[in-house]
There are 2 protein chains.
Amino acid sequence: MIPDQEETLPRSLIDLLWRDHPDAPTAGTRGPRARVSTGDVVEAAVRLADTSGLAAVTIRRLADALDVSTMSIYTHVNSRDDLLVLMADFAHLAMERTPYGRLGWRTRVQRVAESNLAQLRTRPWLHDIDDDRTALGPGTIAKYDHELAALVPLGLTPETCDAALTFVLDFVSASARALRTDPRAGEMAAHWPEWSVRLGAYLGDDFPLAQSVGAAAGEAMGAASSPSLAWDFGLARVLDALAALAPPRS
Amino acid sequence: MIPDQEETLPRSLIDLLWRDHPDAPTAGTRGPRARVSTGDVVEAAVRLADTSGLAAVTIRRLADALDVSTMSIYTHVNSRDDLLVLMADFAHLAMERTPYGRLGWRTRVQRVAESNLAQLRTRPWLHDIDDDRTALGPGTIAKYDHELAALVPLGLTPETCDAALTFVLDFVSASARALRTDPRAGEMAAHWPEWSVRLGAYLGDDFPLAQSVGAAAGEAMGAASSPSLAWDFGLARVLDALAALAPPRS
DNA sequence: TCTGTACGTCGTACAACGTACAGTGTTCTA
DNA sequence: TAGAACACTGTACGTTGTACGACGTACAGA
């Protein structure tokens with residue numbers, strides 16, 4: 001069904017993504033048995049990212065965690081960039097996908113939005129993986145399929161359906177980005193007493209709109225936006241916007 | 001007005017951001033005259049990023065471009081992270097800000113969206129600068145002020161006004177991200193003939209929704225979404241959503 | 001005018017990164 | 001039993017940000 005690789009080329013990313021599929025090419029049977037599998041590497045990398053952020057996912061640290069030598073990692077993964085794709089697909093595959101049943105599109109979309117928000121909150125490193133090849137993985141495709149199903153009751157054309165999903169997910173992604181606490185927030189908070197007086201002096205009476213709105217919207221500290229309000233507001237607007245597309249009887 | 005720094009501490013980021021303001025602390029007059037200024041460094045860095053991407057903005061290359069030694073850069077900028085903030089603020093300051101005149105909110109918001117899109121298209125490296133401290137800079141504040149003014153005719157509360165602007169800008173940012181051509185797109189295209197048949201084999205009859213919508217929405221190549229449709233669709237939805245908030249007479 | 005001090009500049013050095021390359025030893029196949 | 005295929009490893013290269021100390025220049029106060 002799938003043509004064999006000629007010779008012993010490294011398994012390409014797509015085969016690594018689908019490594020659990022029955023048709024996926026398996027490594028040859030010769031040589032010593034692998035002490036770790038590609039899946040093990042990916043899982044360990046995800047664990048590392050979950051606990052210490054994506055910057056901590058270095059080949060050396062990963063090898064340490066798996067108790068193999070640094071270069072062994074490259075037996076199971078072609079490059080760090082490929083590894084990131086595998087990690088993202090792993091995370092997508094792990095997302096819950098309970099069927100929607102008789103739910104209306106509003107509840108469905110809300111569920112999609114909230115589950116994506118939860119995902120990006122628990123695995124903020126997904127924001128830092130921006131590789132189109134992720135779209136080829138089984139987890140990403142399963143996620144796409146399930147989320148498209150949420151929009152079916154709206155009765156849109158395929159192109160519009162894709163655009164609408166993109167619209168929803170882009171909103172969630174941007175909101176989750178804002179919700180993420182900047183690692184530099186500590187420094188910001190530490191210097192804030194000093195910086196705020198300086199900023200006030202610099203601003204003077206300029207930018208009245210920015211100053212009043214920024215003061216009203218911002219909290220005590222420097223962060224000039226209150227993210228949770230933005231989420232509620234934005235989600236309501238997204239649902240409103242989709243409602244305008246919906247058939248009257250729904 | 002602004003208290004002097006005690007001793008000779010490095011100028012903090014906020015003073016560097018406001019370096020053109022009359023009240024900004026100037027460096028002491030002793031020692032040899034600086035061969036380059038902080039502004040020169042920032043401009044050179046922006047030029048580098050514009051032509052070769054943010055990854056090309058390394059301290060060494062920057063120093064080469066300015067014809068000074070590597071470590072001299074640190075005389076004018078405290079760290080690479082700080083430099084990125086200065087670059088972002090420089091880019092924001094450079095954006096056009098023509099007054100809105102008698103324009104209605106719809107046209108205004110459309111202008112804001114389109115100018116931000118243009119900005120992110122010509123300087124895609126702005127996507128890679130995600131530092132809350134950027135909000136302290138004069139360019140960023142001026143941009144914020146000008147964009148808030150677009151929403152004034154909607155007559156919203158300050159908090160809602162801020163949330164609405166965030167909503168618009170988040171949409172633009174996400175769309176611009178999708179429009180950006182992945183540097184790995186070449187590899188994707190190169191392997192596509194091989195990968196598409198493999199993917200087809202793996203998929204089989206699974207994920208019918210994803211397959212039909214993906215095929216319809218996707219183009220000939222791998223990219224599974226058509227970004228310009230997403231832009232038109234999304235912008236229309238954003239405007240619809242805001243219209244629901246507007247006073248009837250507008 | 002002389003001197004101390006603040007300041008710009010520079011070379012060297014270090015730790016960490018991804019990964020190319022050249023082995024070494026193990027296991028199945030012919 | 002010979003050979004090929006495979007997992008694994010150590011060393012090494014080029015690159016990054018930047019800490020540190022030395023050196024020279026220019027102004028401030030004596």
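Values reported hereafter were calculated over all heavy atoms of this structure, with side chains retained and with hydrogens, waters and symmetry mates removed. In what follows, chains carry the letters A, B, and so on, assigned in the order in which the sequence lines appear, proteins first and then strands, with residues in each chain numbered from 1.
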Could you report the tightest heavy-atom contact between Ser228(B) and Leu179(B), atom names first, then the distance? N-CD1, 4.2 Å
Can you list everything that forms a side-chain hydrogen bond (donor to acceptor under 3.5 Å, both in side chains) with [X]? Sequence neighbours excluded, please.
X	result
Asp145(B)	none
His191(A)	none
Thr140(B)	Asp89(B), His92(B)
Arg123(A)	Asp50(A)

Under 3.5 Å, which donor-acceptor pairs link side chains of residues 33-48 of chain B to any protein atom two or more places apart or in another chain?
from, atom 1, to, atom 2, distance (Å)
Arg35(B), NH2, Asp67(B), O, 2.7
Ser37(B), OG, Gly39(B), N, 3.3
Ser37(B), OG, Asp40(B), N, 3.1
Ser37(B), OG, Asp40(B), OD2, 3.3
Thr38(B), OG1, His76(B), O, 3.0
Asp40(B), OD2, Ser37(B), N, 3.0

One should read off an interatomic distance between Leu136(A) CG and Leu17(A) CG, to the nearest 0.5 angstrom, of 6.5 Å
One should read off an interatomic distance between Gln211(A) CD and Leu148(B) CG, to the nearest 0.5 angstrom, of 12.0 Å
Between CG of Asp81(B) and P of dT16(D) the distance, given in whole Å, is 16 Å
Figure out the CG/P separation between Leu62(B) and dC10(C), and round it to whole Å. 13 Å
Does the side chain of Asn116(B) pick up a donor-acceptor pair with the side chain of Glu147(B) at under 3.5 Å? yes
Among residues 64-79 of chain A, which residues get a heavy atom nearer than 4.0 Å to DNA chain D? Val68(A), Ser69(A), Met71(A), Ser72(A), Thr75(A), His76(A)
Determine whether the aromatic ring centres of residues Trp195(A) and Tyr202(A) are separated by less than 6.0 angstrom. no
Taking five pairs at each terminus, the helix from dT1(C)-dA30(D) to dA30(C)-dT1(D) shows an axis bend, to 10°, of 10°
Around atom CZ of Arg121(A), are there more than 12 heavy atoms of other residues, nucleotides or ligands at under 6.0 Å? no
Salt-bridge contact Arg133(B)-Asp82(B) (side-chain N to carboxylate O under 4.0 Å): yes
Polar-atom pairs under 3.5 Å, protein N or O versus N or O of nucleotides 13-15 of chain D: list them with distances, or write none.
none

Counting only non-hydrogen atoms, which of residues 37-50 of chain B are less than 4.0 Å from DNA chain C? none
For nucleotides 22-30 of chain D, read 5' to 3', which letter fits each nucleotide if B means a protein heavy atom sits under 4.0 Å from the base, S means only the sugar-phosphate is that close, and - means neither? --BBBBS--
Over 60° means perpendicular and under 30° means parallel, so tell me whether Phe167(A) and Phe167(B) are parallel, tilted or perpendicular. perpendicular
I'd like to check the salt bridge (charged side-chain N to carboxylate O under 4.0 Å, His left out) partners of Arg180(A); sequence neighbours left out, ordered by chain and number. Asp128(A), Asp130(B)
Taking salt bridge (charged side-chain N to carboxylate O under 4.0 Å, His left out) as the cut-off, I'd like each qualifying pair that reaches into residues 69-81 of chain B, sequence neighbours left out, listed once. Arg184(A)-Asp81(B)
